[in-house]
Amino acid sequence: MEQATTQQAYSLFHQGTLALADVEANGMRVDVDRLDRTANKVTARITKLEGKLKNDEVYQTWRKRFGGKTQLGSRQQLGQVLYGEMGFKSDNKTKTGRVQVNESALEKVDHPFVKRYLEVEKLKKLKGTYLNGVKREVVDGLLHPSFNLHLVKTHRSSSDSPNFQNIPIRDKLIGKLIRSCFVAREGHQLVEVDYSALEFKIAACWWKDDAMVAYASDPTLDIHRDMAAECYCLPVDEVPKDVRFFAKNQFVFPELYGSYYVTCARNLWSVIESGGLKTKEGTPLDEHLLEQGIEQKDFEEHIEGVEEAFNDRFPTWSDRKEKWWNRYQRKGSFPLMTGFIISGVYSRNNLMNYPIQGPAFHCLLWSLIQMNRWLKQKRMRTKIVGQIHDSIVADVHEDELDDYLLLAKQVMTESIRKAWDWIITPLAIEAEVSPPGGTWFDKREVLL
DNA sequence: CACTGGAGCCAC
DNA sequence: AAACGTGGCTCCAGTG
């Protein structure tokens with residue numbers, strides 16, 4: 001990272017490196033016996049399911065086609081069997097023109113072999129990447145992942161050996177199998193504190209759009225909920241949680257970072273089925289849209305209208321993003337709010353994303369530095385053991401839980417705003433705590 | 001045998 | 001004019 005920078009940016013990463021070195025040294029406790037038992041169970045399940053796959057007639061076709069080169073893990077081979085030999089239709093191609101044989105493509109193939117294949121692949125990912133990855137790196141019951149500040153173009157962090165920042169959570173079963181192997185130290189509890197809607201708030205700080213700032217400042221307003229309502233023609237107070245989640249990830253963030261209605265419409269439509277999206281009354285969303293007079297063929301035009309309304313809702317953003325892109329094209333470099341100066345060749349979408357992604361993480365890093373410093377100065381038994389972009393994971397002594405939660409709230413929502421006056425929206429946090437003797441999977445939200 | 005790029009999947 | 005961003009890890013397939 002040989003970029004020009006300011007003293008404050010240098011200092012943030014200097015202090016940040018020292019703090020993250022403490023975090024690495026602290027390490028997260030692992031229940032190695034449970035990890036081993038889980039790995040054995042998952043291996044047995046994989047073996048059993050693979051045995052069934054090998055007895056399927058599809059596998060005979062596969063053997064006939066590839067002989068001794070047959071490999072169950074080869075998606076390319078599976079694609080040839082399904083789309084070449086068995087006559088299933090493939091629609092999507094990869095970047096380089098090969099047939100896509102990913103989960104969403106395979107979900108469209110109605111065959112028990114394929115269904116089972118997907119289940120096995122999920123378990124192999126769990127075993128190969130996560131269970132084995134943790135086992136490989138754990139030392140005396142402690143895991144010490146690396147946290148890097150020198151690798152990411154946006155000046156975010158990354159993590160490796162193992163990557164602590166992509167442990168499964170969305171698939172509840174897979175998440176449970178791996179996360180319940182992470183435990184607190186004796187007499188401690190795991191506590192995860194994360195910033196609420198941090199990237200959207202930082203976007204508001206960056207673009208200084210009044211409506212965006214208002215949305216990011218008023219806890220009763222919720223842009224993801226409201227855009228979900230518009231995209232799927234629902235009343236704002238009848239947006240299910242999963243529908244909000246998809247609107248956030250298939251509309252709001254893509255639009256902020258340079259996508260447009262055609263792509264958004266395609267993705268918003270495809271998650272209706274794959275996500276099993278329904279209204280609160282249980283009507284599938286495609287049926288609900290039909291009742292509102294929107295067929296699949298009308299959906300793109302509908303989202304085009306939602307996009308226009310989104311642009312009108314945040315007029316300063318709409319205006320400033322073009323000027324921002326033009327400014328970069330003249331100068332060839334640009335500053336982040338945290339003092340980093342980025343120069344080099346970047347796309348339009350990079351210019352939309354980098355000023356948000358980096359500084360959002362810097363809020364987390366600044367807070368982690370202060371909290372780590374305080375814990376050490378006060379000789380607390382609580383230790384910070386990890387960091388996931390907008391969240392901090394700590395191994396908290398039971399007697400120090402209240403102090404720690406108070407510290408987090410003070411530093412993450414108040415002190416930081418005194419240090420950085422460019423933060424013009426309130427910041428908020430949420431905390432999840434594992435019960436004494438519980439695991440990372442057992443964390444439950446607590447009121448602050 | 002070492003290495004590389006693509007594809008896929010996990011997270012935010 | 002073009003079309004969301006950032007990572008790490010694993011397996012396969014191909015190269016030398």
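Values below: all heavy atoms of this structure, side chains included; hydrogens, waters and symmetry mates excluded. Convention: sequence-line order gives letters A, B, ...; per-chain numbering from 1.
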OP1, OP2 of [N] versus side-chain N and O of [X]: anything below 4.0 Å?
X	N	result
Ser259(A)	dC4(C)	yes
Asn349(A)	dT6(C)	no
Arg136(A)	dT10(C)	yes
Ser159(A)	dG7(C)	no

As a test of reading the structure: which of [options] is closest to the side chain of [X], going by heavy atoms?
X	options	result
Tyr260(A)	dA7(B), dA3(C), dA11(B)	dA3(C)
Arg75(A)	dC9(B), dT6(C), dA11(B)	dC9(B)
Arg156(A)	dC9(B), dA11(B), dT6(C)	dT6(C)
Gln357(A)	dG5(C), dA11(B), dC9(C)	dG5(C)
Gln71(A)	dG7(C), dC4(C), dC12(C)	dC12(C)
Ser74(A)	dT6(C), dC9(C), dA13(C)	dA13(C)
Ser161(A)	dC4(C), dC9(C), dG5(C)	dC9(C)
Gln76(A)	dG7(C), dA13(C), dC9(B)	dA13(C)
Thr94(A)	dA3(C), dA7(B), dC9(C)	dA7(B)
Asp390(A)	dG8(C), dG6(B), dC12(B)	dC12(B)

Give the rounded distance in Å between these two atoms: [atom1] of [X] and [atom2] of [N].
X	N	atom1	atom2	value
Arg98(A)	dC11(C)	CZ	C1'	13 Å
Gln165(A)	dC10(B)	CD	C1'	12 Å
Glu307(A)	dA2(C)	CD	C1'	12 Å
Tyr346(A)	dG5(C)	OH	P	15 Å
Ile46(A)	dT10(C)	CD1	C1'	13 Å
Phe310(A)	dC4(C)	CZ	P	15 Å
Leu336(A)	dT6(C)	CG	P	14 Å
His155(A)	dT6(C)	NE2	P	13 Å

dC10(B) base / Arg170(A) side chain donor-acceptor hit below 3.5 Å
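Donor-acceptor pair under 3.5 Å: no.
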
Whether the side chain of Lys125(A) and the base of dC10(B) hold a donor-acceptor pair under 3.5 Å is what I'd like checked.
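Flag unset: no donor-acceptor pair detected.
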
Please work out if [X] contacts a base, only the sugar-phosphate, or nothing of the nucleic acid, heavy-atom cut-off 4.0 Å.
X	value
Ile169(A)	sugar-phosphate
Tyr354(A)	sugar-phosphate
Lys122(A)	sugar-phosphate
Gln100(A)	sugar-phosphate
Glu121(A)	nothing
Asn350(A)	sugar-phosphate
Ile167(A)	sugar-phosphate
Val262(A)	nothing

Looking at Asp91(A), I want to see if its CG is surrounded by more than 12 non-hydrogen atoms of other residues, nucleotides or ligands under 6.0 Å.
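More than 12 heavy atoms, drawn from other residues, nucleotides or ligands, come within 6.0 Å of this atom.
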
Establish, for the pair Lys321(A) and Trp317(A), whether the NZ or CZ atom is under 6.0 angstrom from the six-membered ring centre and no further than 45 degrees off its axis.
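Lys321(A) over Trp317(A) ring: yes.
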
Phe245(A) ring centre to Arg170(A) NZ or CZ under 6.0 Å, with the angle to the axis within 45°?
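Yes, a cation-pi geometry.
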
Does the ring of Tyr257(A) meet both stacking tests against the six-membered base ring of dG5(C): centre distance under 5.5 Å and plane angle under 30°?
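Tyr257(A) ring does not meet the centre or angle cut-off for dG5(C); no stack.
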
Please tell me whether Phe246(A) and Tyr232(A) form a close aromatic pair, meaning their ring centres lie under 6.0 Å apart.
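Centroid distance Phe246(A)-Tyr232(A): not below 6.0 Å, so no.
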
Does the separation of the ring centres of His302(A) and Tyr261(A) fall below 6.0 angstrom?
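So the answer is no for these two rings.
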
Using the rule given for side chain to side chain donor-acceptor pair (under 3.5 Å), can you reason through Ser159(A) versus Gln165(A), listing the C-alpha separation, both sets of side-chain angles and the distance that settles it, and then say yes or no?
CA-CA 6 Å; Ser159(A) 168; Gln165(A) 297 176 321; 4.9 Å; no

Pair His150(A)-Phe13(A), ring pair (Phe, Tyr, Trp, His ring centres under 6.0 Å): steps then yes or no:
CA-CA 9 Å; His150(A) 63 301; Phe13(A) 267 19; 9.8 Å; no

